[in-house]
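After the structure tokens below, expect a handful of questions from me.
The structure presented is a predicted model; accordingly, all values stated were derived computationally and were not measured. Order of the sequence lines fixes the chain letters, A, B, ..., with proteins taken first and strands second; residue numbering starts at 1 for each chain.
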2 protein chains.
Amino acid sequence: MATLKDVAALAKVHPSTVSRVLRSVENVPITEETRKRVIAAAKSLDYQPDQRARALRLGKSNTIGLIIPDISNPFFAEIAKSIEQESYDSGYTLVVCASNEDQEKEIDFVHNLISRGIDGLIIAPVQDSYEHLVDLKKRNYPFVLVDRCFDEFETNAVVSDNEAAAFEAMEYLKDLGHKRIGFLSGRSTIYTIRKRRQGYQKAVDLFGLDKDDALVSAGGFTFEEGYSETLKMLSLAHPPTALLIAGNRITFGALKAFVEKGLTIPDDISIIGFTDSIV
Amino acid sequence: MATLKDVAALAKVHPSTVSRVLRSVENVPITEETRKRVIAAAKSLDYQPDQRARALRLGKSNTIGLIIPDISNPFFAEIAKSIEQESYDSGYTLVVCASNEDQEKEIDFVHNLISRGIDGLIIAPVQDSYEHLVDLKKRNYPFVLVDRCFDEFETNAVVSDNEAAAFEAMEYLKDLGHKRIGFLSGRSTIYTIRKRRQGYQKAVDLFGLDKDDALVSAGGFTFEEGYSETLKMLSLAHPPTALLIAGNRITFGALKAFVEKGLTIPDDISIIGFTDSIV
DNA sequence: TTGAAAGCGGTACCAG
DNA sequence: CTGGTACCGCTTTCAA
């Protein structure tokens, strides 16, 4: 890698001059002569300024970090994609890290990214704990939460109204005539899941639907778990006639279970799933 | 952010001493006394070494970059996930960038990442051009290609045998009795696509299947394009009885077309798709 | 056993 | 208009 010095030597000027020419900002006047020489030298050496040195000096890196629980989940991948687009267009580089739903790793990433001098942080937290975030807030470090947040901990966050959405879905199913509706979801420590469940419960109470603990499952958010939990629910003495499913992979698991049981949608059973993939 | 100096001041020692204590490597002897004081000071200030300064000094960042064409494509998301795991376990941080199938952006990322001082680069190239990669090779910069590579340009690459896979799929369809098989894919500049197509052609020739340009489409790799291309192929005078599809989103598009046409699998039509999502 | 100083590659301020 | 210099935060000789 060519450095400022190399370019300076080739152009027979001082490094600081090269810096000025290349950034061209500042109202500093420069002879057309020198400018040409410098530019030529830089091009011939294919000079690229070292961003870490720059960042070190400037205290700004034009980089932001994104921590998501699972990059292979289409929902988060889509989030990552849009954020990436947006940052790129604004001249920022996005660093994507996947915590893999591992709280330790998330905390690790937070520290790691900060020590790399990123300008800001976007986190979809694992949500087993949040002290590290409290810490960030105390230090006034710029960060936002996406998709999931904490009721007990106030921060900047962009989340959707999962409770309302779940409630509306339930209302729709009720209007179809369903009285016995099951709820399938992942770990209930997760904000989105809790909210959806609240919407579910609210609807059950308000519409006088069947209230039964066996109809509520929070087994996990994988394909396999969705599959097995659905089977379990279908083999109840009084199985549900409809399902509200919070999680896209769970939904596919449920579909597999239906196929296996010979059930068809919407004749034998109705479902509404929270998912945003193209399928 | 607390710096070495801050810690040093608090512990009443020289910064260099703090550095030595904290890295604890080197066979440099240190009084237990001082060590204790330094550790305490560092902890109380929650000191995290500045990685960019460190990288600048050391000439090594323990970071590797990954450039993929599309993060929202499950195939690449899965690749990103495994690489991330692997790097994390080896103490490396992975920076993921999405070129969005945009050659310009890819080149941009390559330069950007290098100037950030990453130790190595993994690229699934867009494949419209490769001069920037030739450049990397000339400069002896450590990089590998994944999934896609160039026949005319030799590099380290990890790719699967797409040609053989396509051929085997065709053999399978032929054994089912199909004579007229269509091929649906994305842009044919892409390595994987080209190889699969070669496998397809080889099978058509070798097994004496129907050879018809109308049966081969390279429209694009999106859901919508898969949908419209399938419709187009189904409305031929002699439509295919089976389809080989290279691309997971195209496959879903094709499925949509089937549903719309009232065709069922495998009664009315057979398909084999290259895809790795759970669906 | 610890301190002082140089330098990684830039930027910014002050001189001239 | 351009050069010199200090410094960002850290590591690494070299001395003491």
Side-chain angles (χ1 to χ4, degrees), chain A residues 1-42 45-63 93 111-119, chain B residues 1-39 41-42 45-63 111-119:
Chain A
M1 281 301 292
T3 73
L4 261 193
K5 251 188 233 162
D6 301 331
V7 179
L10 187 59
K12 298 196 192 308
V13 292
H14 195 269
S16 59
T17 304
V18 178
S19 174
R20 279 187 290 251
V21 171
L22 261 26
R23 279 170 305 122
S24 70
V25 278
E26 310 184 57
N27 307 3
V28 186
I30 294 175
T31 330
E32 198 49 37
E33 214 316 74
T34 355
R35 147 170 282 114
K36 284 235 172 75
R37 271 216 321 282
V38 169
I39 305 238
L45 292 179
D46 193 23
Y47 169 73
Q48 303 278 134
D50 185 315
Q51 295 301 339
R52 52 199 173 173
R54 220 161 169 271
L56 187 58
R57 180 66 234 243
L58 295 181
K60 182 165 198 311
S61 63
N62 267 263
T63 309
T93 301
H111 290 141
N112 191 304
L113 286 172
I114 290 181
S115 72
R116 292 192 127 71
I118 55 164
D119 297 332
Chain B
M1 282 301 290
T3 72
L4 261 193
K5 249 188 232 162
D6 301 331
V7 179
L10 186 61
K12 296 192 193 309
V13 292
H14 195 269
S16 59
T17 306
V18 178
S19 173
R20 280 187 287 249
V21 171
L22 261 27
R23 278 170 307 120
S24 69
V25 279
E26 309 182 57
N27 307 4
V28 185
I30 295 174
T31 329
E32 198 48 38
E33 210 324 67
T34 0
R35 147 170 279 114
K36 284 234 172 74
R37 272 215 320 283
V38 168
I39 304 238
L45 292 178
D46 191 24
Y47 170 74
Q48 304 277 134
D50 185 315
Q51 295 300 340
R52 54 199 172 174
R54 211 153 179 279
L56 188 59
R57 181 66 230 244
L58 265 358
K60 181 166 197 310
S61 63
N62 267 265
T63 308
H111 290 141
N112 191 303
L113 287 172
I114 291 181
S115 71
R116 292 189 127 71
I118 55 165
D119 297 332

Q | Protein-nucleotide distance (A:L4, atom CG; C:dT11, atom P), rounded to Å | A | 6 Å
Q: Take the protein atom CZ of B:R37 and the nucleotide atom C1' of C:dT2, then report the distance between them rounded to whole Å.
A: 11 Å
Q: Could you grab the distance from atom CD1 of A:I118 to atom OG1 of A:T63, nearest 0.5 Å is fine?
A: 8.0 Å
Q.
As a test of reading the structure: which of C:dA12, D:dC10, C:dC8 is closest to the side chain of A:R23, going by heavy atoms?
A. C:dA12
Q. For A:R54 and C:dT11, is the shortest distance between a side-chain N/O and OP1 or OP2 below 4.0 Å?
A. yes
Q) Are any of A:R35's side-chain N or O atoms less than 4.0 Å away from OP1 or OP2 of D:dC1? A) no
Q: Apply side-chain hydrogen bond (donor to acceptor under 3.5 Å, both in side chains) to B:E33 and list each qualifying residue two or more places apart in sequence or on a separate chain.
A: B:R37
Q. Of B:A53 and B:T31, whose nearest nucleotide on DNA chain C comes first from the 5' end?
A. B:T31
Q.
Restricting to side chain to side chain contact (heavy atoms under 4.5 Å, CB included), what partner residues turn up for A:K36, sequence neighbours left out?
A. A:E32
Q. Phosphate oxygens OP1/OP2 of C:dT2: is one of them under 4.0 Å from a side-chain N or O of B:T34?
A. yes
Q: Sequence neighbours left out, what passes side-chain hydrogen bond (donor to acceptor under 3.5 Å, both in side chains) with B:S115? Give chain and number order.
A: none
**Q.** Any residue meeting side-chain hydrogen bond (donor to acceptor under 3.5 Å, both in side chains) with B:R54, in chain and number order, not counting sequence neighbours
**A.** none
Q: Please state how far atom CD in B:E33 lies from atom P in C:dT1, giving the value in whole angstrom units.
A: 13 Å
Q: May I ask you to verify if any side-chain N or O of A:S19 is less than 4.0 angstrom from the OP1 or OP2 atom of C:dT11?
A: yes
Q: Report the distance from atom CG of B:L56 to atom P of D:dT12, rounded to the nearest whole Å.
A: 13 Å
Q. Reckon B:L58 touches a base, only the sugar-phosphate, or nothing at all at heavy-atom distances under 4.0 Å?
A. sugar-phosphate
Q: Rounded off to whole Å, could you give me the CG-to-C1' distance for the A:L45 and C:dG9 pair?
A: 15 Å
Q) Side chains of A:V38 and A:I30: closer than 4.5 Å at any heavy-atom pair? A) no
Q. A:L22 CG to C:dG9 P: how many Å, rounded?
A. 16 Å
Q: Under 4.0 Å between any heavy atoms, over every strand shown, what does A:I30 touch: base, sugar-phosphate, or nothing? Just pick one.
A: sugar-phosphate
Nucleotide N/O of nucleotides 4-7 of chain C paired with protein N/O under 3.5 Å:
unit_1: C:dG7; atom_1: N2; unit_2: B:R57; atom_2: NH1; d: 2.9

(Q) Measure CG/B:N62 against C1'/D:dC10 and give the value in whole Å, please. (A) 15 Å
Q. Any side-chain N or O of A:T17 under 4.0 Å from OP1/OP2 of D:dG3?
A. yes
Q) To the nearest Å, how far apart are B:D50 CG and C:dC8 C1'? A) 13 Å
Q.
If the condition is side-chain hydrogen bond (donor to acceptor under 3.5 Å, both in side chains), which residues does B:H14 pass it with, not counting sequence neighbours?
A. B:S16
